[in-house]
Amino acid sequence: MGFWKAIRTALCLLGTGWLLAAGTAPPLRGPAAPLLTPDPGQAPAIALSHRVAQLQAALLERDPHAIHQAQLEVDILRRTYSTLDVTPLVEAMAVWARQEGLQGHPEIGLEALQSIESWKPNLPAVLSARISLTRQQGAAGWFWSVPDLLRLTRIRLDHPESQWLWLVQHLGMLRLMATLLLWGWALTLALRYRNVLRALWEEPLERHGIGPLPAAILGALLLSLPVLLGLDPMVAAVLWVILMAPFLSSVEVKTTVFILLLQLVHPVLGVMEPWSAREPQPSILALQLQPQAQPVSPASLRELPPADRRFLAGWSQLQRMDWKGAEATFQSLVGRIPEQPEVLNNLGVAHFELGDIPQAEKDFEAAAQLGPRMEVLLNQSILDFIHLDTDAGAAKRAAAQTAAPGEYARLIELNDAQKDVRTYPMPLPDTPERVRDLARGMGIKLDSDAINWRNPAFLFGLLLPLFGIAAFLGRVKASVRMAHPTQCIRCGEPFHTTDSPDPAVCAKCHHLFVLRDGLHVENRRRKLDEVAVHQRATRWIHRALIVLLPGCDRIFLGDTQEGLMEFGLLCLALGLVLATGRSVRYPGELLPDPTSTWLAVGMGLSVLLFLRSWLKLIPRRA
């Protein structure tokens, strides 16, 4: 039995081996696909993408040694490509840090920003991400984010492509404030002088035999006519204050003129809006310094002069370390383009890398004679240190630092990333002509800085306040020579003359409540009913204004200055919340800026003003 058991075991093993061999047989495949060789110009972008993945993995492991190694890899890469701009890497890490914060890990995001901020400490994407992540730590985070917020604001105001958008965003609160102030002022005055305003059209219609209901419908159509015609509601508000001009006090007249002048903020911001919506212009410097995920198409450069295209080709050769080709390219550009310091410096870099130190020294000297440039002085200092002339090398290095402190610090940091001697090329600078030619080649339309004075929206916003002020003051001046009725403060009826010492009280109310004579019992009862109805409506309107429009309740009662101050603060607070609270992504940025701090300020001020106003509804003990 043992023999047959051994035979069965051997057969099973053979069958299992045959099945495994059959299962691992290579499947039939077609011809192998050819390997794609990346363009040499994409090498920096590919290398940066690998460094990003390596750094993110180290941060997720929370391993300090791995994070330090990943940082060293990036520094070595920056040293390999001496003029490489690592902004894409920093922006990618900022986006990743923001995503980690949204997933509930703000501490990982802050650690990621701390590991990359030395490469681009004041990059808007880094500051924006750090502000958002810091605010996730509670009320204290909002306080600790203020320094970064101030730095981000300074960057926005210093950068020409973002300063207009920042101004429009933060001055938008003035636009909303002016609009709300005009609407609230016109509505409050219309409620205050409601009876005498109705008398403007009801009295003439009554003389022509038209009843109260048709007169009320015609009056409603008159007051809402601008809105029915599709015009801006601000036109209706201007119409209302023009109609009420004869009945206003001197303080109310001055306040109305001030509020109408404030409406000129609309055309001013309308002029600034096209400047704030401009996209970043194409840049020759960006093509040279930033890694390109896709090779630059020759068609994009077709509008550039041949010499500029040849300079860019030489720059690409320097990046690929094709020193011989770069030497030939820049040698052919000597004396052919205005940027001779750049040409001679880059020619010296090629000679230096080829080992021709004397010729490189001549090239750097020729470039220095055309003007002090930071890269040229730094390259000359390197040659001086090679010749062991430390005094001359230190002097030229100090001169290079004085010429361009920011760029000098960046290049010195690159030199410290890997301890070897290397010179630095100079890119082709941007000029308006080059930007225009590059934009034409890329099919980009450049925005004009000229103001379109014939824009209908601009003309409307400019002429409406001016026309409103002229018509309002003209009606005020004409009312001095004309007999206009006044509204009685007790009964609300319009009247022309009175024998009361108080010009705001009609003669009937004066005799009824002061002299107590001259009225029949039936007329007295009817007058008391009119006074009660008017006072009841006045109380309801006053309470509604207390609840809905703090400050307008005091304007309604005649306290113009105090009420306008309170209502103006409310309009400002609402403008802060509705106009500047939203997040904005600036042109050329990957991340939107964090929510404005003015949102919290505006909300707090709004709540405070409403609570202060609602306290007026609580009965007070006399």
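Just so you know, these numbers use all the heavy atoms, side chains as well, and skip hydrogens, waters and symmetry mates.
- Between the side chain of Glu339 and the backbone N or O of Pro429, no donor-acceptor pair lies under 3.5 Å.
- To the nearest 0.5 Å, atom CG of residue Leu127 and atom CD1 of residue Ile131 are 6.0 Å apart.
- In terms of the side-chain hydrogen bond (donor to acceptor under 3.5 Å, both in side chains) criterion, Arg309 has no residue partners (sequence neighbours excluded).
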Pair Arg320, Ser316 - check side chain to side chain donor-acceptor pair (under 3.5 Å), show working. CA-CA 6 Å; Arg320 297 197 303 267; Ser316 180; 2.6 Å; yes
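- The shortest distance between side-chain heavy atoms of Phe311 and Glu342 falls below 4.5 Å.
- To the nearest 0.5 Å, atom NE2 of residue His351 and atom CZ of residue Phe364 are 10.0 Å apart.
- Residues Leu462 and Leu264 form a side-chain contact, since some pair of their non-hydrogen atoms from C-beta on lies under 4.5 Å apart.
- No side-chain heavy atom of Arg397 sits under 4.5 Å from any side-chain heavy atom of Asp384.
- Side chain of Ser132 to main chain of Ala129: no donor-acceptor pair is present (N/O by atom type, distance under 3.5 Å, no hydrogens or angles).
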Kindly indicate, with the supporting measurements, whether the criterion side chain to side chain contact (heavy atoms under 4.5 Å, CB included) is fulfilled by Leu333 and Asn346. CA-CA 11 Å; Leu333 292 175; Asn346 295 352; over 6 Å; no
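- Atoms CG and CG, on Leu574 and Leu569 in that order, are 11.0 Å from each other to the nearest 0.5 Å.
- Between Asp437 and Arg440 there is a salt bridge, with a side-chain nitrogen of the basic residue lying less than 4.0 Å from a carboxylate oxygen of the acidic one.
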Might you work through the side chain to side chain contact (heavy atoms under 4.5 Å, CB included) test for Leu301 and Leu438, ending with a clear yes or no? CA-CA 6 Å; Leu301 308 177; Leu438 184 61; 3.8 Å; yes
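- The line from OG of Ser128 to CD of Glu91 is 11.0 Å long, rounded to the nearest 0.5 Å.
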Exercise answer: donor-acceptor pairs, residues 59-69 side-chain atoms, under 3.5 Å, sequence neighbours excluded:
from: Arg62; atom 1: NE; to: Glu111; atom 2: OE1; distance (Å): 3.2
from: Asp63; atom 1: OD1; to: His65; atom 2: N; distance (Å): 3.2

Solution key, residues 148-158 side-chain donor-acceptor pairs under 3.5 Å, sequence neighbours excluded:
from: Asp148; atom 1: OD1; to: Arg151; atom 2: NH2; distance (Å): 2.2
from: Asp148; atom 1: OD2; to: Arg130; atom 2: NE; distance (Å): 3.0
from: Thr153; atom 1: OG1; to: Leu149; atom 2: O; distance (Å): 2.8
from: Arg156; atom 1: NE; to: Asp593; atom 2: OD2; distance (Å): 3.2
from: Arg156; atom 1: NH1; to: Glu589; atom 2: OE2; distance (Å): 3.4
from: Arg156; atom 1: NH2; to: Asp593; atom 2: OD1; distance (Å): 2.7

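- Side-chain contact check for Met426 versus Val349: every heavy-atom pair is 4.5 Å or farther apart.
- The shortest side-chain heavy-atom distance between Leu428 and Arg434 falls under the 4.5 Å cut-off.
- Counting only heavy atoms from C-beta outward, the side chains of Leu110 and Gln137 approach each other to under 4.5 Å.
- A donor-acceptor contact shorter than 3.5 Å links the side chain of Arg302 to the backbone of Ala299.
- Side-chain atoms of Leu464 and Asp232, non-hydrogen and from C-beta on, never get closer than 4.5 Å to each other.
- Expressed to the nearest 0.5 Å, how far CD1 of Ile259 lies from OG1 of Thr179 amounts to 11.5 Å.
- Nearest heavy atom pair, residue Gly270 against residue Arg175, reads N-NH2, 3.4 Å.
- Here the side chain of Ser381 pairs a donor or acceptor atom with the backbone of Leu378 at under 3.5 angstrom.
- Formation of a donor-acceptor pair under 3.5 Å by the Asn345 side chain with backbone atoms of Tyr424 is found in this model.
- With Leu549 as reference, Phe567 is the one residue of Phe567, Phe610, Trp183 to meet the side chain to side chain contact (heavy atoms under 4.5 Å, CB included) rule.
- Here the closest heavy-atom approach between residue Gln263 and residue Pro465 is recorded as CB-CG, 3.7 Å.
- Under a 3.5 Å cut-off, the side chain of Trp323 and the backbone N or O of Glu353 do not form any donor-acceptor pair.
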Dump the intermediate steps for side chain to side chain contact (heavy atoms under 4.5 Å, CB included) on Phe330 and Asp363, then the final yes or no. CA-CA 11 Å; Phe330 286 107; Asp363 295 332; over 6 Å; no
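- Scanning both residues, Cys571 and Leu181, for their nearest heavy atoms gives SG-N, 3.7 Å.
- In terms of heavy atoms, Trp96 sits closest to Ala112 at CZ3-CB, 3.8 Å.
- Residues Thr329 and Gln317 meet the side-chain proximity criterion, which asks for heavy atoms closer than 4.5 Å.
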Check against side chain to side chain contact (heavy atoms under 4.5 Å, CB included), Leu304 and Ile284: CA-CA 10 Å; Leu304 291 173; Ile284 295 288; 3.8 Å; yes
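- The minimum heavy-atom distance between Glu303 and Gly441, with the atom names listed, is CG-N, 3.7 Å.
- Of all heavy-atom pairs spanning Leu133 and Gly109, the tightest one is CD1-C, 3.5 Å.
- Note that CD1 of Ile108 is 13.0 Å distant from CD of Gln99, once rounded to the nearest 0.5 Å.
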